[in-house]
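Below is one structure, written out as structure tokens, with a few remarks after it.
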Amino acid sequence: MGEETEENMAAWLLGVEKLRIQPFNLPSLGPHDVKVRLKAVGICGSDVHHFKEMRCGNFIVKKPMVIGHECAGIIEEVGSQVRSLVVGDRVALEPGISCHLCQFCKEGRYNLCRNMKFFGSPPTNGCLANLVVHPASLCFKLPENVSLEEGAMCEPLSVGVHACRRAKISPETKVLIIGAGPIGLVTMLAARAFGAPKIVIVDIDNHRLSFAREIGTDEIIRVSTDIKDIGEEVIKIQKAMGSPVDVSFDCVGFNKTMSTALNATRRGGKVCLVGMGRSEMTIPLTSSAAREVDVIGIFRYRNTWPLCIDLLGTGKIDVKPLITHRFGFSQEEVKEAFETSARGGNAIKVMFNL
Amino acid sequence: MLSSHYLEGCLSNSTLYVPEVFADCICEQLIKKGRVFVLLLTTPYYFQLVRERERERDMGKGGSHGGEEREENMAAWLLGVNTLKIQPFKLPTLGPDDVRVRMKAVGICGSDVHYLKTLRLADFVVKEPMVIGHECAGIIEEVGSEVKKLVVGDRVALEPGISCWRCDLCKEGRYNLCPDMKFFATPPVHGSLANQVVHPADLCFKLPDNVSLEEGAMCEPLSVGVHACRRANIGPETNVLIMGAGPIGLVTMLSARAFGAPKIAIVDVDETRLSVARRLGTDEIVKVSTDIQDVAEEVIQINRAMGGRVDVTFDCAGFNKTMSTALNATRPGGKVCLIGMGHHEMTVPLTPAAAREVDVIGVFRYKNTWPLCLEFLRSGKIDVKPLITHRFGFSQEEVEEAFETSARGGNAIKVMFNL
């Protein structure tokens, strides 16, 4: 323990489509920190975006940065004040360190903290590495029957869980989900776990739709990219649902998907915008607002890890089928993994095993 | 307080001697039944009541109370674009739960003007002649057999919309969204700019003594503001921004103040309207343009005027520019409430707002707002009287002039008919 410290290596984003495994110096361990040996790290759409464009929304990569934020591993060292965890514990990591001082943090909406330091959001280094140092309060112990890969899946799953909480999904809410990609799918799994009695998913891709069906969606509908088809598609959706749509999740975020969601949702219902497609949208907002259809916004998550781990541990949610591709932690494999994830198609979640 | 037995006994006599302690109560009952015989006792209270009733009756067109001679009921009918005509309006028979109300004060709303000018509003189309008007208050002239809470002579404000009470939305209490809603002056349902209407008693709310009939009619637009403030959870911790200082912006401002909003800023393109808003109690006013390029600069001005963060924004105009400003100006985790109905489709920066968890709350009319509005008016927490800028009588020429005045906007905020 500490006699020969191997050199910690990480996947650094050096430029557009340029990832290199290089040394990564860890900060010293604070009294409330733990050192975690990473075992499972997933790739997210935002990681791919950073990879391809050196930016994602308002986040711009200005200097080399370690990529990755969906992760789980094993504790190798604990800080002097850490009581809840010990060496050897298997943990899933919540990526974002908030300030605890601002109004948002104090009110519990820490996901909106303006001083958030988030794995893989520039300028904060990510966690596709051998080792990271992280606050113990953001490391959550996994039960025996939950694997490290499932632990890494807690991060995308948290997006779905947070969205379902904000939209108040329950045994009384019939749910429409637009988009059967990774986010649409974790939202579907979360909605099911929250008791939604019926779930309809729409997508343009037949393969993704049948996968959604396999993992438990009640109804699937193939839709187009043509905005003229909205009227007809809304009718199809309502027919498939059998009764009014209470809540819609737009997990894509384009004019067409948001317009469909607004038109398909019943009076007094909610549309939750999860996807981040276009900044400006042209949508029938007035008519939906005049039916008291509210639009709920989502940014990451808060206080979701304990619930995610519970849902995985009790089998209420099974994320394992979403992990479609696995790679090791080498220069060639890192490159191939990102290209696979970027391709989309039948790749849902690409996972690194370290 | 008094047994109905005793009262009935009293009422069967033409002359009566009553103990002083019961005087006010009995006299009030007598006055309400239309018998104003003052004997023996003199307390200031019932003299005041007598005078008030007489005054209110004089305001009317001399109709009878008790129904002996029925005058022909007249109403303002919308016959075509820009065509309003005062014509007879046959009332339905009084159901057991209905009341017949003699209208005394009727306000004009932007939607009434829209119907006059275009014969339509959103999906509602005027296909046959329709009585216009929906903001009203009056005096009860007849009560149905099952009506317990109201009596003849009661001054009431009317909630316009009759919902079905059978659908899920009604049963949940969100009756404003009832798909089978029958609403005054939303086609094909007739409105209330008339001498009399028949209406369910449960939608007629008795005015406190110190609230006038005009204020009663103002409960309708005020309800829009109150409902919006409820949906947006306005309270002592929410700084409020309001886009638009027209009638709806102003009632929203008054409501937000009554709900305890610590700081309120209003923006508008019109300086006159802004100074009215200031006089009514708005903390900060900011003049803005119609140019969408100015949004970023205006957001800075607004945030500076607010001093702190904008927690909730009400868009009472409903255009791309106002909604974009609202979304950009509101703090993360805040709310934007869309009240105004400008354009059907809007182009707005929704994604960055949603990614800051700024929620967009929709508002349609109101629900369960009359009791609260009347309480606000009674206690003086809200004063709507300054919003009534123009008054007209109920004649053909005045009806036409009133609508033209309302349509002109400008310094006309609320145009009120006195019948």
Side-chain angles (χ1 to χ4, degrees), chain A residues 56-58 102-104 107-114 116 162-163 166-167 172 227 243-244 246 250 252-255 258-259 262 265-302, chain B residues 121-123 167-169 172-179 181 227-228 231-232 237 292 308-309 311 315 317-320 323-324 327 330-367:
Chain A
C56 192
N58 287 332
C102 70
Q103 198 63 28
F104 293 119
E107 280 175 22
R109 292 185 86 168
Y110 65 81
N111 56 317
L112 302 176
C113 174
R114 281 190 230 260
M116 174 74 85
H162 178 59
R166 287 218 85 216
E172 299 184 287
I227 209 153
S243 48
D246 299 299
D250 183 359
V252 180
F254 292 124
N255 286 344
M258 196 58 185
S259 301
L262 289 169
T265 304
R266 69 157 173 91
R267 297 155 179 257
K270 297 181 176 66
V271 173
C272 192
L273 178 52
V274 186
M276 304 209 216
R278 301 246 176 283
S279 169
E280 226 180 40
M281 302 183 90
T282 299
I283 42 178
L285 191 60
T286 309
S287 37
S288 54
R291 292 182 303 117
E292 293 195 357
V293 173
D294 300 334
V295 176
I296 311 283
I298 296 292
F299 186 65
R300 295 179 180 146
Y301 34 69
R302 55 174 181 268
Chain B
L121 187 62
D123 291 332
C167 68
D168 285 342
L169 285 162
E172 269 176 43
R174 294 188 83 169
Y175 66 82
N176 56 317
L177 303 176
C178 176
M181 173 70 86
H227 179 59
R231 287 220 85 217
E237 300 182 288
I292 206 150
R309 302 177 312 185
D311 299 296
D315 184 358
F319 296 114
N320 286 344
M323 197 58 185
S324 300
L327 289 168
T330 306
R331 69 154 173 93
K335 296 181 176 72
V336 173
C337 191
L338 177 53
I339 308 181
M341 302 209 215
H343 295 310
H344 164 67
E345 226 180 38
M346 303 184 83
T347 300
V348 290
L350 187 63
T351 307
R356 293 182 303 115
E357 294 196 355
V358 173
D359 299 334
V360 176
I361 310 285
V363 170
F364 185 65
R365 293 179 181 147
Y366 32 70
K367 59 183 194 271

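In what follows, every chain begins at residue 1, and chains take the letters A, B, ... in the order their sequences are listed. Values below: all heavy atoms of this structure, side chains included; hydrogens, waters and symmetry mates excluded.
Considering only residues two or more places apart in sequence or on other chains, Arg109(A) meets the side-chain contact (heavy atoms from CB on, under 4.5 Å) condition with Asn111(A), Leu112(A), Arg166(A), Arg302(A), Glu357(B). Applying the ring pair (Phe, Tyr, Trp, His ring centres under 6.0 Å) test to Phe104(A) and every residue at least two apart in sequence or in another chain returns nothing.
Across Asp359(B) and Gly297(A), no two heavy atoms sit closer than the pair OD1-N, 2.9 Å. When every heavy atom of Met276(A) is checked against every heavy atom of Ala355(B), the shortest pair comes out as SD-CB, 3.9 Å. Minimum interatomic distance between Gly275(A) and Thr351(B) (heavy atoms only, all atoms of both residues): O-CG2, 4.4 Å.
For the side chain to side chain donor-acceptor pair (under 3.5 Å) condition, the pairs that include at least one residue of residues 273-288 of chain A, sequence neighbours left out, are Thr282(A)-Thr347(B), Ser287(A)-His344(B).
No other option in Arg114(A), Lys270(A), Met258(A) has as many heavy-atom pairs under 4.5 Å with chain B as Arg114(A). In terms of heavy-atom pairs under 4.5 angstrom with chain B, the leader among Glu107(A), Met281(A), Gln103(A), Arg291(A) is Met281(A). Chain B forms the most heavy-atom pairs under 4.5 Å with one residue out of Val274(A), Ile296(A), Asn255(A), Leu262(A), and that residue is Ile296(A).
No more than 12 heavy atoms of other residues, nucleotides or ligands shown are found within 6.0 angstrom of CD on Glu237(B).
Counting heavy atoms from C-beta outward, Leu169(B) and Arg266(A) have side chains that approach closer than 4.5 Å.
With values rounded to the nearest 0.5 angstrom, Ile283(A) atom CD1 is found 4.5 Å from Leu350(B) atom CG.
Residues of residues 330-337 of chain B that come within less than 4.5 angstrom of chain A, heavy atom to heavy atom, are Arg331(B), Pro332(B), Gly333(B) in numerical order.
Residue contact with chain A, scored on non-hydrogen atoms closer than 4.5 Å, involves the side chain of Arg231(B) exclusively. With a threshold of 4.5 angstrom between heavy atoms, Asn176(B) approaches chain A through side-chain atoms but not through N, CA, C or O.
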| Hey, mind stepping through Leu285(A) and His343(B) against side-chain contact (heavy atoms from CB on, under 4.5 Å) and telling me if it holds? | CA-CA 9 Å; Leu285(A) 191 60; His343(B) 295 310; over 6 Å; no
